[in-house]
Amino acid sequence: MYDDQKIVTIHTTGDPVEEGEICAALDDAGINYDVQPFEDDALSGLLTTTMGYSRISVLEKDAEKAREVIQPILEEFSEPEEEQPEETT
């Protein structure tokens, strides 16, 4: 089906929540994508730490639009979490 078109990776996710957000945004934009999970029952912790959670790829012709679509999500996930004040008793 896509034999004559190049597939490119647009992002490597860090966890399933980020993956879900990105996939939903690409779906909403009408962009076809492929998810390659790095999860393996025997090596899950090791692969997730070294490779990420999954790799998301699109057709090369859609890559620029896909990167624009996911940019707000990437910014959201790269922001440091605000520290919660410690409770004092």
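Heavy atoms only: backbone and side chains are in, while hydrogens, waters and symmetry mates are out.
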Quick one: pull up CD1 in Ile22 and CD1 in Ile73 and give me the separation to the nearest 0.5 Å.
6.0 Å

Taking side chain as C-beta onward, heavy atoms only, is Val58 less than 4.5 Å from Val8?
yes

Hey, could you give me the CD1/SG distance between Ile31 and Cys23, rounded to the nearest 0.5 Å?
11.5 Å

Heavy-atom nearest pair, Tyr53 first then Asp15, reads CB-N, 3.5 Å

Approximate separation, where rounding is to 0.5 Å, of Leu26 CG and Ile10 CD1:
5.0 Å

Just wondering, do Asp62 and Tyr33 contact through their side chains at under 4.5 Å, heavy atoms?
no

Any heavy-atom pair between the side chains of Ile7 and Leu59 that's under 4.5 Å?
yes

Rounded to the nearest 0.5 Å, the NE2 atom of His11 sits from the CD atom of Glu18 at a distance of 3.5 Å

Check whether Thr13 reaches the backbone of Ser54 with its side chain - one donor and one acceptor, N or O, closer than 3.5 Å.
yes

Hey, could you give me the OG/CD distance between Ser78 and Gln71, rounded to the nearest 0.5 Å?
8.0 Å

